[in-house]
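Within every chain, numbering begins at 1; the chains are lettered A, B, ... in the order of the sequence lines, protein sequences first and strands thereafter.
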Amino acid sequence: MNMKYTITTPLYYVNDKPHLGSSYTTIACDAIARFERLNGNTVLFLTGVDEHGQKIERTAESKNLEPQLHCDEITEKYKYLWDKLNISYDRFVRTTSIEHTSLVHQFYSKVLKSDDVYMGRQSGWYCVGCEEYKDVEDKDKSPICSIHKKELEWRDEENLFFKLSKYQDQIEKLIHVDGFISPKSRKNEIINFVSKGLRDFSISRVNLKWGINVPGNKDHTFYVWFDALLGYVSGSLNDQCSPELTEKSLSNWPANIHVIGKDILRFHAVYWPAMLLSAGMKTPRSVFGHGFLTREGQKMGKSLGNVLDPIELLEYGGIDAMRWYLLRDIEFGEDGDFQMRRFVDIVNSDLCNTIGNLLNRTITMSKKWFKENIPIDNTLSSDSTLKVKSETKIIEYMESFKDSNFKSSANAIIDLANSANLYLNDRAPWKLIKDISNKNIVALDIYSVLESCRIIGILLNPIVPNLSNRILKQLNIDTSNINFKDSLQWGLLDPNNGLQDPTPVMDKIEFNEDPR
RNA sequence: GUCAGUGUAGCUCAGCCGGUUAGAGCACAGCAUUCAUAACGCUGAGGUCGAGAGUUCAAGUCUCUCCACUGACACCA
C-alpha cells in the first residue's frame with residue numbers, strides 16, 4: 001500500500017562545515033528513507049541548512065565575506081559530504097531562498113490573525129552561540145555561557161513575542177500522545193519541562209540584519225528559530241516555485257518524523273507544534289531526539305582537539321564501514337561512544353568475514369561444481385532450515401526498523417549470515433560432492449545459502465546500499481527496481497541465472513592508532 | 001535542589017510478569033584446517049549483575065537508602 005512519508009533531518013546551521021554528529025543524524029534519516037521506499041512508500045526526504053542569525057553574520061564578517069557567500073560556501077560542503085555518504089535526500093532546503101521567505105511571511109500573517117503576537121520588551125544576557133537568552137544573576141558583571149565559554153552580551157530591546165503560554169493545554173495533550181516523542185527519556189524530559197508552565201518567547205530581534213524582515217515592523221528581523229523551523233514546511237510544498245500555504249500544496253505535510261539531536265528537542269517538540277497550531281496547521285506525527293556521539297569516552301570539541309572529521313573517517317574506512325558502524329553499534333536513542341578499535345573490528349568481522357566470506361565461499365563452490373546452472377527444479381517449494389531462519393529474521397528486522405532500532409535490525413542480518421555459515425559447516429557439501437550421487441542434495445544446499453545471501457543483500461540496502469548492490473551484483477541480480485514485498489520471498493534467486501566471479505565485496509580496514 | 005534516564009564479562013549489549021550453574025556478539029587465548037576474503041568451524045578464559053539494607057523458600061529482576069554518570073529545569077556564580 002503506497003503511502004506518503006515525509007522525513008526530515010534538522011536544518012543544519014552553517015556556522016561551520018558538517019561534523020560527525022550531523023553525519024550520524026543524516027545517515028540515520030537516509031536509512032529510514034530507504035527502508036520506507038523499499039516498503040513501497042512515496043518518500044519525501046528533506047534536509048537542508050539554516051542560514052540566518054547573528055552568529056552567521058559575525059562569522060561572515062570575520063572572514064571578510066558577505067553572509068550570503070559564506071552560506072553558499074558552507075552549503076556546498078554539506079552537499080559534498082552528503083553526496084559522498086550516498087545520502088538519498090529528495091530536497092535540500094535553504095532558508096535564504098526567496099520561496100522560503102515568502103512562506104515565512106504567509107505563515108506569520110496566519111499567526112497574527114490568531115492574535116498570537118505582541119510587542120514586548122526583553123532584557124537579559126544573551127549568547128550568540130546558542131541564539132538564546134540566559135538566566136543570569138543580576139549582580140554578575142561579565143557572565144559567560146556555560147556551553148560556548150564566551151561572554152554573554154547584555155540585551156535590552158523591544159521584541160515581538162509569541163503567545164506560547166496560550167497553548168499550554170494543547171501542547172500538554174500532544175506530548176502525551178503515544179509515539180509523538182521518542183525515545184521515552186526525551187518524552188519524560190519534555191513532559192517535565194511543559195509541566196513547569198510554558199512562557200512566551202520572542203520571535204524577533206532588532207539590531208540584526210541577516211535574516212528575514214518582519215512585515216510591518218521595519219526594524220525587526222525574525223528570530224532564527226522561528227524562521228528555521230518553517231524550512232520543514234517550505235521544503236515540503238508541492239510547488240517549490242510558487243510557495244503557498246494551501247491545503248493542496250501541503251499534501252506532504254505533516255512530516256511523519258523529525259529526526260533531531262537531543263539539544264534541539266524543546267524547539268521541535270514544544271515551540272514548533274505551538275506555532276503550527278497557531279497557524280491552523282497540522283503538527284508533525286513524531287519527533288525522535290537521538291543522543292550524541294562521544295569519542296573514546298570523551299566529548300568531542302575543538303578545544304579538546306579530538307574532533308573526528310567525517311571526511312577523514314570516510315577516507316579511512318569507506319562509506320559502507322562508516323554507515324554500518326554508526327547504525328549497527330551506536331544505540332540510536334542514547335549517547336554513543338565512537339571507538340576506533342571497535343569500529344575496525346566490527347566492520348571487518350561483520351562485513352568482510354561473516355557476510356563477505358560467506359558469499360565468496362558459496363559462489364566458489366557453486367561455480368566449481370555447477371558452472372552456471374544449479375540443478376534445481378522448483379525453488380519456491382524447496383525446503384530448508386535456512387528458509388525458516390530467514391523468515392524469522394526478516395520479521396525481526398522489520399519490527400526493529402520500524403522502531404528505528406538499527407542495531408537490532410543489523411543483528412538480525414548478522415544472525416542470518418551466521419546461520420548460513422553454520423549450515424554450510426553442518427552440511428559440508430565439499431565432502432558430499434565427492435560422491436556424485438549427492439549432486440542434487442548439494443545443489444539444494446548451495447542454492448539455500450546463495451538464496452540467504454540474496455536476502456541478506458536486500459536487507460542490507462537501507463543501511464549500506466553500496467555493499468548491498470555489490471552483493472546482489474555478484475548474484476547477477478538487477479537492483480534497479482527492488483522492493484521488500486516482491487523481493488523477500490524465499491526462492492526468488494533464479495538457479496540458472498549464473499553468478500559472477502567471486503571477488504571480495506568488502507575490503508578489510510587496517511587499524512591505525514590515529515587516522516589523522 | 002527537583003524530575004527523568006543510565007550503571008550486567010576488556011568493548012557493545014540481551015536478560016517479559018522474581019525460579020536452572022547470569023547470556024550473546026566482538027575482542028583475547030588455544031585447537032582444527034580449506035569449499036572459503038589469514039576465512040568458516042570447534043574449545044576456553046573472563047562477571048562483587050554500581051554499593052548497602054530489606055521482603056521472599058528464592059532477586060540481576062520487587063522495596064528502601066546511598067554512590068556514580070547523562071540530560072532537562074531550578075538555584076548559585
Side-chain angles (χ1 to χ4, degrees), chain A residues 125 134-147 152 181 183-199 261-266 269-270 289-292 294 296-297 299 325-326 328-331 333-370 396 400 405 407-408 410-415 417-434 442 445-446 449-450 453 474 501-509 511:
Chain A
W125 292 96
K134 298 296 180 185
D135 291 334
V136 171
E137 170 65 38
D138 282 334
K139 64 184 178 186
D140 193 318
K141 291 182 178 181
S142 297
I144 289 172
C145 173
S146 60
I147 296 169
L152 301 181
I181 305 174
K184 189 170 187 280
S185 55
R186 310 283 180 247
K187 178 174 176 173
N188 291 339
E189 174 180 325
I190 290 299
I191 286 173
N192 189 28
F193 172 72
V194 172
S195 74
K196 299 292 169 66
L198 295 176
R199 297 188 296 179
K262 62 183 185 180
D263 56 326
I264 52 177
L265 182 64
R266 207 185 329 138
V270 179
H290 68 76
F292 285 168
T294 53
E296 313 292 345
K299 285 186 181 182
Y325 178 75
L326 289 176
R328 182 242 190 276
D329 211 52
I330 306 295
E331 192 100 32
E334 307 301 317
D335 289 353
D337 188 37
F338 188 101
Q339 297 167 32
M340 192 59 72
R341 174 80 250 184
R342 188 169 167 85
F343 166 70
V344 171
D345 287 348
I346 287 295
V347 168
N348 285 345
S349 173
D350 290 344
L351 302 185
C352 300
N353 299 348
T354 303
I355 293 175
N357 181 62
L358 174 68
L359 184 68
N360 199 280
R361 74 198 281 211
T362 316
I363 290 181
T364 298
M365 287 188 280
S366 183
K367 281 179 152 298
K368 183 174 175 181
W369 304 328
F370 307 118
E396 286 177 24
S400 298
N405 191 342
K407 173 194 276 274
S408 182
N411 281 339
I413 298 171
I414 289 299
D415 283 349
N418 280 332
S419 295
N421 274 306
L422 283 164
Y423 180 87
L424 275 177
N425 271 51
D426 182 49
R427 302 292 299 171
W430 53 87
K431 289 178 182 172
L432 289 175
I433 200 66
K434 289 179 163 61
V442 167
D445 287 344
I446 293 299
V449 177
L450 288 173
C453 289
Q474 285 208 6
D501 289 338
T503 57
V505 288
M506 190 75 191
D507 292 333
K508 280 283 193 63
I509 308 172
F511 178 64

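Distance CZ (A:F343) to P (B:rG25): 23 Å, rounded to an integer number of Å.
For A:F292, the ring pair (Phe, Tyr, Trp, His ring centres under 6.0 Å) test picks out no residue, with sequence neighbours left out. Scanning for side chain to side chain donor-acceptor pair (under 3.5 Å) contacts around A:T503 gives A:Q474, with sequence neighbours left out. Considering only residues two or more places apart in sequence or on other chains, A:E189 meets the salt bridge (charged side-chain N to carboxylate O under 4.0 Å, His left out) condition with none of them. Every residue two or more places apart in sequence or in another chain was checked for a salt bridge (charged side-chain N to carboxylate O under 4.0 Å, His left out) with A:D507, and none qualifies. A:F370 is linked by a ring pair (Phe, Tyr, Trp, His ring centres under 6.0 Å) to nothing, counting only residues two or more places apart in sequence or in another chain. The salt bridge (charged side-chain N to carboxylate O under 4.0 Å, His left out) search around A:K407 returns none, not counting sequence neighbours.
B:rA14 and B:rG7 are spaced 15 Å apart, taking the C1' atom of each and rounding to whole Å. Comparing B:rG19 with B:rU37, their C1' atoms are spaced 46 Å from each other, to the whole Å. B:rU43 and B:rU56 have their C1' atoms separated by 40 Å, with the value rounded to a whole Å. Nucleotides B:rU8 and B:rG15 place their P atoms 14 Å apart, quoted to the nearest Å. Rounded to whole Å, the P atom of B:rG41 lies 10 Å from the corresponding atom of B:rG25. Rounded to whole Å, the separation between the P atoms of B:rU20 and B:rC67 comes to 33 Å.
Counting heavy atoms from C-beta outward, A:K508 and A:N353 have side chains that approach closer than 4.5 Å.
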What N/O pairs connect the protein and nucleotides 27-33 of chain B at under 3.5 Å? Give each pair on its own line.
none

Enumerate the protein-to-nucleotides 2-4 of chain B contacts in which both atoms are nitrogen or oxygen and the separation is below 3.5 Å.
unit_1 : atom_1 : unit_2 : atom_2 : d
B:rA4  : O3'    : A:N188 : ND2    : 3.2
B:rA4  : O2'    : A:N188 : ND2    : 3.2

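Residue-to-nucleotide contacts include no donor-acceptor pair under 3.5 Å from the side chain of A:R361 to the base of B:rC40.
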Sequence neighbours excluded and cut-off under 3.5 Å, please list the side-chain donor-acceptor pairs for residues 359-369 of chain A, or say none.
unit_1 : atom_1 : unit_2 : atom_2 : d
A:R361 : NH1    : A:N421 : OD1    : 2.8
A:R361 : NH2    : A:N425 : OD1    : 3.2
A:T362 : OG1    : A:L358 : O      : 2.6
A:T364 : OG1    : A:N360 : O      : 2.7
A:K367 : NZ     : A:E372 : OE2    : 3.1
A:K367 : NZ     : A:L499 : O      : 2.9

